[in-house]
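What follows is a short report on a single structure.
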Amino acid sequence: MAYVSMGEAHRRITEFLNRFCDAVSLQDSSTLCRLLSFSSNSASHLSLADALNVFQDASSLIRQSDKFSEYGEILTHLFRSLQSYRVGNLVEAYLAFEKFANAFVQEFRNWESAWALEALYVVCYEVRILAEKADKELTSNGKSPEKLKAAGSLLMKVFGVLAGKGPKRVGALYVTCQLFKTYFKLGTVNLCRSVIRSIETARIFDFEEFPKRDKVTYMYYTGRLEVFNENFPAADTKLSYALQYCNPKKQRNIRMILKYLIPVKLSIGIIPKDELLQKYNLHEYINIVQALRKGDLRLLRHALQEHEDRFLRSGVYLVLEKLELQVYQRLMKKIYIIQKLSDPARAHQLKLEVIAKALRWLEIDMDLDEVECIMTILIYKNLVKGYLAHKSKVVVLSKQDPFPKLNGKPVGS
Amino acid sequence: MAVEPKATTEEVKMDLFEDDDEFEEFEINEDWVEKEEVKEVGQQWEDDWDDDDVNDDFSRQLRKELESSTDNK
């Protein structure tokens, strides 16, 4: 920590106090945002923190002035947080920041206009980030992490403050997205339900009024939830929205959207071009797409196995595994076309024996009963049109459109 | 995706703080115009890929296998 004289420390602290109070009285939101962004680790924050640690009794400075003491509670907690943050006591930093945030929100409620909305966003963001750091400190000390969960409660409270009729309500979506990030990190995604319900059904909210960046983030997360719930048409709509409106410069965000959108598209019979996969470094999907194009069940299984960990972590493994039926359909179609080439008159009869032979070639060992079972499923799910002649062990395909396309709808819908 | 309770601190450290796919924050007040590039991304999908072409390697090998006279099990 740099050496700071008492005089210099006094100067720095007073400067900050003046800046803060002036920003509030002039309703200067962007200055306030800068002053509150701890995690930016800016030089001015660091130098202020050093000054606080030298001066030690900033509260007396605050008390001595009417101008400063009006925001005494807010400033005292803010300073304590910054001091703790600077010396690496992240749990203490979070606790103090939480108090600061509560006090700030109280003040915010009293300001009639929405001038400080962006500053509130900064506060929400910092609450979450500090809570994450505090939890890391707790677990590294063998204690149970609980600050991120507490941050979630605080953010819900902020949401409640914004969920009213006035101009502050356009801030609700930003807070919602901070909540999503919190719940996804904690693994408690079921808690997303209540905010989603508020955003989508409360009459005070008009989705179109929210800022574009918040809508994009919102659609990304709710799209992911639809993927988990296997509502593919809804997932397609939401993730496609996020893709369409995302800032094109945010390549990593676009990649994340695609990571979830691709399995959805595959499930409704639409495939991404290879250039797309290459451009956004989504190589894990290349063989899956290839397997679907070809009807290559062996390749599908290999691809699922090769990237099993990755797919499991993102939660798309089951979605991709279910593509197997579509790959079966493609394989049956290939067999049918091949048979048409040598014996067109009888091509529409697929002997179970022949199917079994093809499967064996693809390293899938099935007896005729199992093959019959698979074919029954394909027919039931309308991936194959025809019927099973059980005694002769043949699938008789419909003469018209025996392998119906999905046409943008999931299998079996 | 609920997190299951884990026995050791080590595993807790590993699993509790992860969402690999956390969306990056947009700047406050960040706004942009969808450029041509974005429309391109939307056009990188094929819905008519399910053709009747059997001239690829896989199909040729499949045909060879089906027309071969190995004994069935």
Side-chain angles (χ1 to χ4, degrees), chain A residues 33 118 121-122 125 132 135-136 139-140 142 145 181 184-190 212-213 217 220-221 228 240 243-250 252-254 256 259 265 269-273 275-276 293-296 313-315 330 334-335 337-338 341-342 353-354 356-358 361 405 408, chain B residues 1-4 8-73:
Chain A
C33 286
E118 279 150 27
Y121 295 160
V122 171
Y125 174 78
E132 286 175 14
D135 274 354
K136 283 207 181 101
T139 44
S140 68
K181 292 182 179 183
F184 270 72
K185 199 140 198 166
L186 288 170
T188 54
V189 293
N190 54 302
K212 178 159 54 180
R213 53 157 217 277
T217 308
Y220 167 72
Y221 280 103
F228 294 155
S240 295
L243 184 65
Q244 184 182 359
Y245 293 108
C246 185
N247 184 345
K249 294 206 187 110
K250 291 284 202 181
R252 284 173 49 198
N253 281 353
I254 293 180
M256 279 185 240
K259 191 169 161 182
K265 290 284 196 191
I270 297 172
I271 65 178
K273 295 191 184 156
E275 298 96 80
L276 187 64
R293 264 194 211 271
K294 303 262 175 275
D296 189 345
R313 280 178 83 82
S314 57
R330 187 80 176 127
K334 287 274 173 88
I335 297 174
I337 296 170
I338 288 168
L341 293 174
S342 46
E353 222 166 55
V354 171
K357 188 171 183 185
W361 174 64
K405 280 165 66 142
Chain B
M1 290 201 302
V3 173
E4 291 146 11
T8 69
T9 319
E10 204 62 68
E11 285 167 353
V12 167
K13 251 195 267 193
M14 278 274 290
D15 289 350
L16 222 67
F17 301 98
E18 302 309 316
D19 175 23
D20 294 344
D21 300 316
E22 185 172 294
F23 221 50
E24 285 180 0
E25 293 274 324
F26 295 113
E27 302 307 312
I28 308 278
N29 265 335
E30 187 173 335
D31 203 356
W32 55 85
V33 176
E34 289 84 65
K35 292 191 268 186
E36 285 312 307
E37 198 185 307
V38 178
K39 296 212 187 95
E40 241 181 70
V41 174
Q43 273 151 18
Q44 298 273 23
W45 307 101
E46 288 180 56
D47 60 359
D48 218 4
W49 52 274
D50 188 8
D51 55 30
D52 288 356
D53 179 25
V54 287
N55 286 318
D56 56 288
D57 281 343
F58 177 80
S59 307
R60 284 208 225 117
Q61 286 166 25
L62 175 61
R63 183 174 184 180
K64 232 170 81 180
E65 178 65 23
L66 294 177
E67 291 175 354
S68 75
S69 55
T70 45
D71 283 351
N72 293 320
K73 264 205 281 198

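As a basis for the values below, the full set of heavy atoms in this structure was taken, side chains included, without hydrogen atoms, waters or symmetry mates. Chain identifiers are assigned alphabetically (A, B, ...) following the order of the sequence lines, protein sequences preceding nucleic acid strands; residue numbering begins at 1 within each chain.
Between the side chain of Lys273(A) and the backbone N or O of Glu46(B), no donor-acceptor pair lies under 3.5 Å. Judged purely by atom type and a 3.5 angstrom limit, Lys294(A) has no side-chain atom pairing as donor or acceptor with the backbone of Asp57(B).
We find the CE-CD distance between Met256(A) and Glu24(B) to be 5.5 Å, quoted to the nearest 0.5 Å. Between the NZ atom of Lys334(A) and the CG atom of Leu66(B) there is a distance of 12.0 Å, given to the nearest 0.5 Å. Distance check, rounded to the nearest 0.5 Å: CZ of Arg293(A) to CH2 of Trp49(B) gives 8.0 Å. The distance from the SG atom of Cys246(A) to the CZ atom of Phe26(B) is 4.0 Å, given to the nearest 0.5 Å. How far NZ of Lys185(A) is from CD of Glu22(B): 5.0 Å, rounded to the nearest 0.5 Å.
Ranked by non-hydrogen atom pairs under 4.5 Å with chain B, the options Val354(A), Ile338(A), Val122(A) are led by Ile338(A). For the set Arg330(A), Lys250(A), Arg252(A), the count of heavy-atom pairs under 4.5 angstrom toward chain B peaks at Arg330(A).
Residue Lys405(A) qualifies as enclosed at atom NZ: its count of foreign heavy atoms under 6.0 Å is above 12.
Ile337(A) touches chain B through its side chain: at least one heavy atom from C-beta onward sits under 4.5 Å away, while N, CA, C and O do not. For a residue to count as touching a neighbouring chain, one of its non-hydrogen atoms must lie under 4.5 Å from one of that chain's; by this rule Asp50(B) touches chain A with backbone and side chain alike. Residue contact with chain A, scored on non-hydrogen atoms closer than 4.5 Å, involves the backbone of Asp53(B) exclusively.
Between Phe58(B) and Trp361(A), the angle of the ring planes lies from 30° to 60°, which puts this pair in the tilted group.
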One pair to check against side-chain contact (heavy atoms from CB on, under 4.5 Å): Trp32(B) and Lys249(A). What are the steps and the verdict? CA-CA 9 Å; Trp32(B) 55 85; Lys249(A) 294 206 187 110; over 6 Å; no
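Two residues are said to be in side-chain contact when any heavy atoms from C-beta on lie closer than 4.5 Å; Ser314(A) and Asp21(B) meet this criterion.
Under a cutoff of 6.0 Å and an axis angle of 45°, Lys265(A) and Trp45(B) form a cation-pi pair.
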